[in-house]
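Working notes, beginning with the structure itself.
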Amino acid sequence: MAFLNLKHWSSSEFDLNEIRLIVYQDCERRGRQVLFDSKAVRKIDEAVIQKMAEDAPVKTSVRTCQASSGNNSISSHNLSISVTQNVKEQIPKYQYTRPASDVNMLGEMMFGSVAMSYKGSTLKIHYIRSPPQLMISKVFSARVGSFSGSNNNLQDSFEYINQDPSLGKLSSNQNGLGTCRSGSNLAHSTPVDMPSRGQNEDRDSGIARSASLSSLLVTPFPSPSSSSSSSSSYQRRWLRSQTTSLENGIIPRCCSSNPAMVRRKKIAISIIFSLPEKEDAQRNFQDFFFSHFPLFESHMNKLKYAIEKAMISCRKIAESSQRVQVYISRVMDALGEFSRITIWNLYSVPRIAEPVWLNMMSSTLEKNQLCQRFLKEFTFLIEQINKNQFFAALLTAVLTYHLAWVPTVMPVDHPPIKAFSEKRTSHFVNMLAKSHPYNPLWAQLGDLYGAIGSPVRLTRTVVVGKRKELVQRLLYVLTYFIRCSELQENQLTWSEAVGEEEQVLNGSKITTALEKGEIEESDYVVVTVKNEPALVPPILPPKNDRSKNHTIAEWVYNPKGTYPVPASSKEKKETIGKVSQNSETSVDCLTSTLHKGATDSGKRTVTDTGAVPYHFEEPSNLEDLTDVRKNKKQNDRKVEKQLSSRSSALPCPERSGHRSSHLEKVTFRIGSSASPESDLETRRREMEENLKVLRENPEVIHCASSSTNLTVDASQNQKESCEAASLPYSKHSICYAQISSCEGQGSMLNNQRMENTGTEVNSENTVPGELLLSVDNVETVTLPSIKETRTSCSGNLEGYSPGCVEVDSAVKKESLKLGAKDVPCGDARRKTPFRVEGDIPRNESSDSALGASDEEGDCCIPDEVRHDNVSKRLEEFAEVELPLPRSNTVSRQCVKNFGRSLLGGYCHTYVPDLVLHGVNNDEKLKQCLLADLLHAMHHPVLDEPIAEAVCIIADTDKWNVQVATSQRKMMDNMKLGKDVLVSSQVSSLLQSILQLYKLNLPADFCIMHLEDRLQEMYLKSKMLSEYLRGHTRVHIKELGIVLGIESNDLPLLAAIASTHSPYVAQILL
Amino acid sequence: MNAIVALCHFCELHGPRTLFCTEVLHSPLPQGAGSGDISGQNEQAEEEEGGIQMSSRIRSHSPAEGASADSSSPGPKKSDMCEGCRSLAGGHPGFVSHDKETSIKYVSHQHPNHPQLFSIVRQACVRSLSCEVCPGREGPIFFGDEQHGFVFSHTFFIKDSLARGFQRWYSIITIMMDRIYLINSWPFLLGKIRGIIDELQGKALKVFEAEQFGCPQRAQRMNTAFTPFLHQRNGNAARSLTSLTNDENLWACLHTSFAWLLKACGSRLTEKLLEGAPTEDTLVQMEKLADLQEESEGWDGSEEEEKPSSQPDVAEGQELSKCSPETSLMPDCNRWNVAHRRLSVFRSLRHMRQVLGASAFRMLAWHVLMGNQVIWKARDMDLVQSAFDVLRTMLPVGCVRIIPYSEQYEEAYRCNFLGLSPHVQIPSHILSSEFAVLVEVRAATRSTLYPTLLEDEQSLNKYEFVVTSGSPVAADRVGPTILNKIEAALTNQNLSVDVVDQCLVCLKEEWMNKVKVLFKFTKVDSRPKEDTQKLLSILGAAEEDNVKLLKFWMTGLSKTYKSHLMSTVRSPTSSESRN
């Protein structure tokens, strides 16, 4: 169960006291000073304090109390400092001792050894190996002097405090505690000037981007299709990928430099987490920390704010020892709050074990039970707790603010491929993720908080109530409506490493040979998850003239002497001419095949072509296997030395094989775990693309066409046995087959053939340089081919790619050994369960025409020739093309995501981070809700500006639903927020679902109907937005007559409309 | 992944240097990237590199001074670049890899060509190697700010028997503007980059050991005067990473590795994001197109009921294929309204209502909605076609069977919209039937001109329209709910045509959702009558006309939906156990 993994994060493995806080300041004049180190603080025994408090005079300095807690409206803590506590505050509660010895070092780490001239705030994370610690630091500038005209965070707080009359005027002479002076001011006196583009302000979040973001909004979006389907999800993600793009330079920030802000001092706040020594626990914490970083950071901002306040408020206390005490206890309180909230609460609060929406999305097996259980709960709530329309109000609020459900009901304009009830995963978003990767964790967080409308609102929901069971039922049902995407974790490998791992998991034979290698300091490997070599051996192109530094002789490898290296451009050109002649027939053939594939049997044929080379080559390998091995060994020995210059010796021979594109694709398809339909789609597109490129580039056609040749034959033979399949092919065609593997696939048998068959070899020689090299490539492919054969022997046809360029001699050698040693036929090297990406031959073949291995031919293609060939594609050929290795993908459900961690259960206390949770009472809410909302608005965890932070509070004791917002303070102390208007659309929806359920319609059908009704709401919002194009006011009657929209539906429909039509908000708000 | 990965080196002579740098280019291709005069760009880059030189920077007293001095510094000095500071040989164009599936290019040079990126990488490099402090000097750090981007850096040593301390200092950095993405990727990047570092170190160690074996430097240095600096000034001291690892293809290898790292990191997490089901109209249109593509091989016998004959469907098919796929796939088929035909056309339902008059239109619409046969008799084929195009928007796509123009009467089961030429005889039982409505388009006499119409509708002014039916709808009859709503929408001039279109979509989907439930209830589960009656009142469709409408609309359900319900939804008995 995914949920169990969360429990690993539980704080039992984590000592709260192991969170250390250090505050430093770095001032140009005075140098570096530790302002605080929680490790140096010793708490004085509680009993002692109690005693002293009792002894203390009852006369308490109430003024101090007011002064120090006068700013409570913002701070989430210190709200209720009782008088006794104040007394305690005066009595030394903490003892501040000498900071630990490592504090200087930590200071260096926080500030850096060279001071930076950059004035904004910086964020740093350090990993300290021993003892294992994780340190997160924020360095920001504090200006000495006036407070005007800045939006610096620290100054914000100063200004805020300034407004507080009880605080009076602040001394401009900021003076830290200075209890410990850092001795090391060595390097920071000469600031390194960093190229600065004028923005000096403190920017904790991406708000600085808002200007550019809105300007982006003006430009038309690339629309995934003609309809609006999935557009809001799509656009949000597209925008994100664009605003964080690097490729055209970064988007310039706004903000002018403020000349008044030259003299500054810097404050650094660091939180140091001592990590558990146990590796598992340590990894768990790190996974949690890094995946949930936005939340950690948000709390760190809160802590920073509290520290600033403590620094300022204590300054007014004249008596120095008392001042220190106040300061220390404030900061310790803040630290305690931080620890408790981020660590304890985030770790330990109960989560909803089975969020309905996510589980329905991911598990298909018990879908019926899921539907039934959900509907049972749902209808129970409709029937039992809809007093005063309570439930309808709650659902109205949730649908209005947690808007991520909207994209899940937007009708698509393409047909469902899967079963009808299963909604489709968004194809366009999938494509976007591939072509313009964005951060899915971020996207998910935004979905959960409902921050997808315009203006952006960030929403949380809290269900309050003494009846735990009831609250839990409500929470459970709401997880159907609070939606987000499900995350998958993909491991991409270019070797077979993961395949081997999978083997182990499947209980098949374990190949230990994998683990031996020359990776040093293998303690690192643990983190690597898989043992694939990290250096990916390149598939090298021919050396060309430009690299004069290297003598050609150095690079030429010509093992058999059969491939003359073209020396002059003239020769080259001839070669090309011949090739194009040769290839004419093949081209025809190719075209017709493709045509056939496209028209006749559609996708099927096309996908099959991907498999073909596999079928084809494999039997040949089989035949030749023994010979090849022998020969190979000899060859390798001979060659080895010459090849020693080759790069990236691979420690693990097993993994060295590159996967060729086709074959991987085949595996992918069969493995079939994730999205077969999109894969088909992809492949078809690639096929078309391929065809296009082939037509455009004659020199490519030759090689690609030959492979397609095979395709035709092979598809005919596909169902025959492997041995049989091999028979029809002439040697000649075999050679072509290998040529086809320009992109780096091929097989060792090519090598063999070439030795023996003079004619073919000659014809190979006439191939232009690129092709020639690809032929050479073949030489090197031993290892994968052998594996290939093995697989086929075991009768497991899926997932093996025969042709892989393996360019590394060492690898070849080892692989051969390995092959001989422990890989007899029938070795069950199955790699069933994972999918491999690959595809039919496509225009990478053209790419790899250049991208052959260097070791054997240094085919220097004279520049002119190259340009002749590729002048049309000059741009692409400016750089030396190196093909990427083909990738395997192993996917699994990712549990370290917000969808699983932010949907809370019934908690002992209010937890501000959670998207949804239940609490016993609203005491804590009343205390800190407003401050939390303001904080959430000012320090958005989403790294994008938000307009409003909202909290839906459903009180099952008082039967009311309120919406609290950061935008206005409730004057009424009894209320947390505004009461929710119940949408009649929602209540009629609830009633009809209940009635249908009572009529015994099956649960899954009821849910389909529920989705249909939600879709109706979406359509109505479309109409509303259309209506608002021509109207500045809504005449609700007009809509009511036609669509039954009532005024109480307007907030809901307008919110829905804001996800697809941003202008709606401008009109209605 | 929107990131740059770079290898940096702290040169003993020249300070922090960017050695090698892999960028990601997404489609659409940025202009000028990787094109143009490469060597020129490289030179320029080197120039800048020479310009912002660490040593001068440190010497300069104030940052501002340093910057201005640097920017005016002359061209590349050979002395500013040593073997150790260089990756690709001068004039080397760099590397590129294409990921065709994603249209992403990975490009490697010594420095980014883009000046802004150049300075960002430069800045990250300097910070990574000479500002940020990492305990033990080897290890990961994250740092950064909004202005210069965010950096994941991992510093490490490479063994060098000739270097001071027998090692050189390097870092691999990953730069992103998306701070959260980068931090989320920390564990992944750390693992991968450490792997790369380990292998580099391994290679170097081998070289180191071989060199030490051949010529123990320590001993040599002990013997000779200890002048490491002099030694280094000799020039060969600053060795390239290629020679330190004895790997001539190191840069190609790093390119592939960095590109791979970027690809793997960018696809590490993927989302499964659901989208809504297509509307019934979309489904039916898709099915019709699919059927067309099967070249109307004849219909399955069981489909007879909905697909009475091939003829109307072929006509329909031609209709479908006539319009572009985009329009025909639009969930709302209201684009039919915008007929680009000649003048004598109806432009919208509202227009038609104006032309026919409210009561005649209501009668016509009533028959349309209930599935009765609508016969238009007119000389002008375009007019009839436009009438059908407009009228059909009231119905789900699946309920529309049109024979646009025929020379003989066609039975109602074959078409609910039939266009006839004026001379065709209509059987008398049809004319008297309550299940058919006839619209006769006659040449107008002067007196019957419609005064309300504008000039551009002259062509319609030529006609008068006579709507007759065997059983005229009683004026007091309530009619199906949807008809009243449609009329309300058409009457209200405040609602633009687009709004009305959208209204129609809403209304149709709303009623199709009721149809779905009814279908499930009666056809799939075969529930008793009294239950059905209950259901109808739950649906707000208990009135006679509404029931009729639902029944007719049921014929328009998509095959996809019906077969899904038939096959996968369990019968009610199995859910009996619930309570």
Side-chain angles (χ1 to χ4, degrees), chain A residues 108-109 112 114 117 120 122 124-125 127 193 195 203 226 230 244-245 248-249 290 293 408-413 415 420 423 425-426 429 434-435 437 439-440 485-486 488 492 520 524 527-528 534-536 538 549 645 647-648 875 878-880 882 884 995 1000 1002 1012 1019 1023 1026-1027 1041-1042, chain B residues 1-2 30 34-35 63 89 93-97 102 114 116 119 123 131-133 140 142-143 145-146 177-178 181 183-184 186 191 194-196 199 202 247-249 252-253 256-257 260 264 266 269-276 278-279 286 326 329 488-489 499 502 506 513 538 564 572 575:
Chain A
E108 287 268 305
M109 288 159 67
V114 180
S117 63
T122 43
K124 294 183 192 181
I125 302 171
Y127 175 76
D193 179 55
R203 291 286 162 191
S226 56
S230 75
T244 59
S245 166
N248 296 316
F290 289 113
F293 180 78
T408 68
V409 300
M410 283 187 191
V412 294
D413 57 359
F420 192 84
K423 298 195 172 204
T425 58
S426 170
V429 173
K434 282 186 175 159
S435 65
N439 187 0
S485 56
E486 180 70 297
Q488 254 189 355
L492 224 61
E520 285 150 36
Y524 286 159
V527 194
T528 315
L535 280 179
V536 185
N549 292 6
S645 66
S647 63
S648 56
E875 202 180 83
E879 285 95 2
V880 176
L882 297 175
L884 281 180
Q995 299 303 327
N1000 264 327
D1012 283 344
L1019 291 172
M1023 207 225 56
E1026 196 56 59
Y1027 176 84
I1041 293 167
V1042 179
Chain B
M1 185 156 166
N2 268 324
S35 69
F95 297 107
V96 65
S97 291
T102 59
H114 192 291
Q116 209 181 11
S119 80
Q123 143 109 14
C131 299
E132 301 304 332
V133 176
F142 169 92
F143 57 82
D145 52 68
E146 284 291 333
M177 293 313 291
D178 191 334
Y181 202 173
I183 293 174
N184 288 159
W186 167 300
R194 266 188 181 165
I196 291 174
E199 289 182 41
D247 184 349
E248 288 295 345
N249 296 314
C253 178
T256 320
S257 305
W260 182 257
L269 287 178
T270 50
E271 279 187 296
K272 190 176 172 188
L273 190 72
L274 298 195
E275 54 190 19
T279 59
M286 293 306 301
E326 299 90 58
L329 297 190
V499 175
Q502 208 58 51
C506 291
N513 288 338
I538 291 170
H564 169 73
S575 63

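Just so we're on the same page: letters track the sequence lines, and every chain starts at 1.
- Side chain of A:Thr244 to main chain of B:Met177: no donor-acceptor pair is present (N/O by atom type, distance under 3.5 Å, no hydrogens or angles).
- Residue B:Phe142 holds its CZ atom at 9.5 Å from CZ of A:Phe290, rounded to the nearest 0.5 Å.
- In summary, of the residues considered (B:Ile183, B:Asn2, B:Asn184), a side-chain contact (heavy atoms from CB on, under 4.5 Å) with A:Asn439 occurs for B:Asn184 alone.
- Closest heavy-atom contact between A:Lys124 and B:Glu132: NZ-OE1, 2.7 Å.
- Between A:Leu884 and B:Ser97, the shortest heavy-atom distance links the atoms CG-CB, 3.7 Å.
- A distance of 12.0 Å separates CG of B:Asn249 from CG of A:Leu535, quoted to the nearest 0.5 Å.
- Distance CE/A:Met410 to OG1/B:Thr279: 14.0 Å, rounded to 0.5 Å.
- Side-chain contact between A:Phe293 and B:Trp186 is absent, with no heavy-atom pair separated by less than 4.5 Å.
- Considering every non-hydrogen atom in both B:Val133 and A:Met109, the closest pair reads O-CG, 3.3 Å.
- Looking at every heavy atom in both residues, B:Ala264 comes nearest to A:Leu492 through CA-CD2, 3.6 Å.
- Residues A:Ala534 and B:Gly195 approach most closely at CB-C, 3.1 Å, considering heavy atoms.
- The side-chain heavy atoms of A:Pro538 and B:Phe95, taken from C-beta on, include no pair separated by under 4.5 Å.
- The minimum heavy-atom distance linking B:Pro93 with A:Glu879 is given by the pair O-CG, 3.1 Å.
- The backbone N or O of B:Lys272 lies less than 3.5 Å from no partner atom in the side chain of A:Gln488, so there is not a single donor-acceptor pair.
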